[in-house]
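The next block holds one structure in the form of structure tokens; read it before the comments.
None of these values were measured; they are calculated from a predicted model.
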Amino acid sequence: MALSSSRSRRRLFGSVGVLVVSFVVGASGLAGAQPTELDPPPPPPAEAVPAAVPLSTLGMGRVLAFPGQEHEVALTLPVLPGLAPMELVGTVQLPPYVARGTLEVTSGDRLLDRVDLPLERNAPVRLSLAGAEVENSAIAVTLSSALVPEAGTCITDWLGRPMTLSDPAVEYSGREAQPTTVAEFLPPVLRRVTVYLPERPSEVESAAALKMLTAVVARYDGQPVAVDLRPMGGGAAVPDHAPEFLERQIAIAESADTGLRLTADGPGPLLTVSGTRDTLPDQIRLLTSDLARIALTSGATAVSLPAAPQLPPEVSTLSDLGETRLSATAVGVVSVDIGIDQSRLGRPTRDIRVRLLGNYTPLPQTLNGQITVTARDRQIDSWPVDASGRIERWIEIPDELLGRFTTLTVTLAQTGLTHGCGLEQPVVLTIDPASEITGVEAKPPVPPGFQALPQAMLPTVRVGMRDPGFADTRRAARILVGMQRLTPVPLRPELVSFDTAVRGTDPAVLIAADGDVPESIRPPLSRSGDQITVYSGPARAELRIDPLIPFGSLQTIWSNDRTVLVATSTEEPERVDRILDWLDGDPDRWSRLTGNVLYQTGDRDPEYFDPHEVIVGRPGDSADIPVARILTIVGAVVLALGLVAGLLILARRRRDH
């Protein structure tokens with residue numbers, strides 16, 4: 001993984017239009033304000049303090065795989081402010097029938113370290129990174145594995161059982177240097193960002209917080225940046241705590257003094273982003289773009305920054321979707337996985353076709369072979385190999401196999417006469433990143449529900465809060481950040497009035513934490529009095545429950561020809577917060593959401609519910625649906641609610657006796 005390519009994807013600006021930027025720095029400060037130059041960072045301690053940064057924090061995954069007898073993995077590791085990468089650590093798992101193996105790390109032509117791999121299960125390994133060449137504040141290293149099979153076994157490849165390095169991390173030595181200029185404020189790796197708003201934020205400040213948090217998460221695509229939105233006021237110090245390792249703290253304020261100002265009056269550096277309704281968005285784009293690198297003082301002001309256009313193209317390539325390393329080598333069977341991310345296509349898409357281009361090693365006359373293409377374990381195309389070694393074929397993906405992220409697996413399998421153990425020649429299969437992808441906009445999205453997020457919210461999503469204030473702003477921010485983590489394409493949240501978001505035609509996020517959802521927005525799951533109603537299209541099922549059971553939910557709805565995400569509850573807003581706490585507890589939970597409803601009741605963890613799986617779309621109300629079908633329809637929801645109700649009834653009876 002190369003940081004340079006990742007950075008280019010994260011840029012929030014395009015080449016359309018004229019870019020006019022003016023920095024007010026030095027003595028003039030921010031629109032007349034006097035910026036305070038920060039004291040130089042303290043010297044490092046006498047002894048280096050190691051800090052381990054998991055590769056997953058760097059956006060490189062939790063596992064590195066080394067298939068085959070020999071394999072290489074290239075890594076680009078950032079040099080953090082005040083810290084130097086010293087060692088790469090992890091847990092190695094060898095495939096079966098391995099007699100011995102080695103793992104080495106190189107930087108350019110320089111061998112940094114080589115270790116013999118331990119044969120025991122889940123053994124720790126450490127590789128020194130000392131002496132790696134530093135370029136553009138990063139080191140580029142290559143990990144190379146070599147495995148030797150046990151005597152008497154004929155294994156030239158371990159298909160499906162590669163050697164793995166689990167939980168890899170980089171250990172840094174030194175002391176983190178805190179930023180003293182705007183250009184240094186956002187580091188190459190960010191673990192946490194804390195944003196402060198007034199206890200009673202204005203609409204301008206709430207809107208700026210939503211834009212700031214989504215922009216920061218988009219900039220650090222692939223890094224699980226923790227986000228915290230805190231109130232300031234009542235005499236409390238801001239910031240209210242010293243920054244943790246790789247944490248940055250930002251305060252947002254509506255003010256006529258427009259700009260970015262970095263101060264160190266508290267326990268750590270605080271960046272204040274201030275401006276008006278018209279100027280605050282420019283300051284946020286300045287901070288999260290590469291233009292901030294030239295702000296080499298503690299103050300800067302963006303006078304005019306155009307927003308990048310985000311019109312989805314009619315035709316995309318695999319390269320546009322970030323799929324650039326599409327080659328594999330193996331003996332007998334070789335496969336290449338292709339990822340199709342609908343969010344990178346910029347919209348919900350159906351009727352997707354791929355003009356598959358590529359090449360493979362031509363097989364000798366003693367061998368035959370076939371190429372197959374599968375999606376979700378279903379074969380969708382196949383054809384025999386030929387002497388040309390070329391691939392040029394249109395592949396159609398059935399809509400029912402589409403997800404937010406769909407993996408196509410292209411496999412070349414050879415058959416025929418063999419030449420004995422160790423004498424078979426490997427086959428190379430390569431897919432051209434210039435392969436084109438076409439499709440049409442899907443209305444309603446394919447697939448529907450949570451799997452339609454975030455592509456159904458691009459490029460602009462309206463945000464409406466029933467009770468504007470800090471609490472609802474925080475709920476909206478957590479939802480938008482969760483969706484932003486699913487895509488490198490920046491969301492464009494626009495805060496509008498609740499009624500405007502309800503009546504509009506743009507995708508919307510509605511925060512109605514107390515349950516006050518308009519009748520025009522018909523959630524799949526709702527409660528009115530003692531009656532629970534489940535909708536799927538025109539079909540409806542109803543059930544009365546006694547005693548009343550409170551619950552909170554996140555629900556997706558296709559309404560007014562657009563997707564709407566509603567956060568609501570039965571007059572208990574804290575249940576919405578419990579759902580968001582649960583989602584924040586594991587960054588992968590957002591990607592695993594399915595169905596249309598995520599609800600929480602009692603002390604249980606949130607659960608999924610998909611009305612489409614149990615309701616047969618049929619006109620009419622509940623009177624048109626047999627009782628048996630009603631029980632089936634609502635069973636998934638009532639199971640959880642009924643358990644809570646039963647406990648309440650049992651407790652009531654015990655009190656009566």
Side-chain angles (χ1 to χ4, degrees), residues 1-12 38-42 44 48-60 75-86 129 132 134-140 169-195 212-228 239 241-251 260-264 267-273 284-298 300 481 484-485 488:
M1 171 180 178
L3 289 182
S4 58
S5 61
S6 298
R7 287 176 182 145
S8 63
R9 291 201 313 269
R10 299 173 188 138
R11 290 175 183 166
L12 303 181
L38 301 186
D39 295 331
V49 179
V53 178
L55 291 195
S56 57
T57 299
L58 304 178
M60 301 180 191
L75 300 175
T76 301
L77 307 174
V79 176
L80 304 178
L83 300 169
M86 299 303 295
L129 301 174
V134 179
E135 184 176 354
N136 296 325
S137 299
I139 62 171
V170 182
E171 288 195 352
Y172 288 85
S173 179
R175 179 176 179 177
E176 181 187 3
Q178 294 299 320
T180 59
T181 67
V182 173
E184 300 169 336
F185 185 74
L186 290 180
V189 179
L190 187 66
R191 302 186 73 175
R192 175 178 293 274
V193 58
T194 301
V195 174
M212 171 69 76
L213 291 173
T214 52
V216 169
V217 173
R219 176 186 174 93
Y220 291 93
D221 170 43
Q223 298 183 23
V225 180
V227 169
D228 193 6
H241 65 281
E244 298 176 1
F245 180 55
L246 296 177
E247 177 188 359
R248 293 296 183 264
Q249 298 171 331
I250 303 171
L260 310 174
R261 183 177 180 181
L262 189 61
T263 57
L270 176 69
L271 182 70
T272 299
V273 183
I284 295 170
R285 286 197 290 271
L286 169 60
L287 174 63
T288 55
S289 76
D290 289 339
L291 289 173
R293 296 179 184 177
I294 61 177
L296 298 177
T297 70
S298 59
V481 165
Q484 184 64 78
R485 286 196 176 108

Stepwise side chain to side chain contact (heavy atoms under 4.5 Å, CB included) test for T272 and L260: CA-CA 6 Å; T272 299; L260 310 174; over 6 Å; no
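- Counting non-hydrogen atoms of neighbouring residues, nucleotides and ligands closer than 6.0 angstrom, the CD atom of E135 reaches no more than 12 such neighbours.
- Residues P78 and L58 form a side-chain contact, since some pair of their non-hydrogen atoms from C-beta on lies under 4.5 Å apart.
- Proximity of V189 to L80: side-chain heavy atoms (C-beta onward) are separated by under 4.5 Å at one or more points.
- In this structure, G268 and P243 approach most closely via the heavy-atom pair CA-CD, 3.8 Å.
- Rounding to the nearest 0.5 angstrom, the gap separating the CG atom in L55 from the CG atom in L77 is 6.5 Å.
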Verdict with reasoning, E176 to R248, per salt bridge (charged side-chain N to carboxylate O under 4.0 Å, His left out): CA-CA 12 Å; E176 181 187 3; R248 293 296 183 264; 3.3 Å; yes
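- If you take CZ on F245 and CZ on R191, they are separated by 6.5 Å, rounding to the nearest 0.5 Å.
- Using a 4.5 Å heavy-atom cutoff, the side chains of L286 and V182 are not in contact.
- Taking the side chain as every heavy atom from C-beta outward, L246 and T57 never approach each other to under 4.5 Å.
- Every residue meeting the side-chain contact (heavy atoms from CB on, under 4.5 Å) condition with V227, not counting sequence neighbours, appears here in chain and number order: V193, L213, V217, V481, R485.
- Annotation: side chain of Q249 is in contact with side chain of L270 (closest heavy-atom distance under 4.5 Å).
- Between Q223 and P188, the shortest heavy-atom contact is NE2-O, 3.4 Å.
- A heavy-atom distance below 4.5 Å is found between the side chains of V273 and I250.
- To the nearest 0.5 Å, atom CD of residue E244 and atom CG of residue D228 are 9.0 Å apart.
- For the atom pair L129 CG and I139 CD1, the distance stands at 5.0 Å (nearest 0.5 Å).
- Residues T194 and E247 meet the side-chain proximity criterion, which asks for heavy atoms closer than 4.5 Å.
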Criterion side chain to side chain contact (heavy atoms under 4.5 Å, CB included) on L190 and R192, from CA distance to verdict: CA-CA 6 Å; L190 187 66; R192 175 178 293 274; over 6 Å; no
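- Under the 4.5 Å side-chain criterion, counting only non-hydrogen atoms from C-beta, S173 is not in contact with L83.
- Residues P269 and P179 share a closest heavy-atom pair of CG-O, 3.9 Å.
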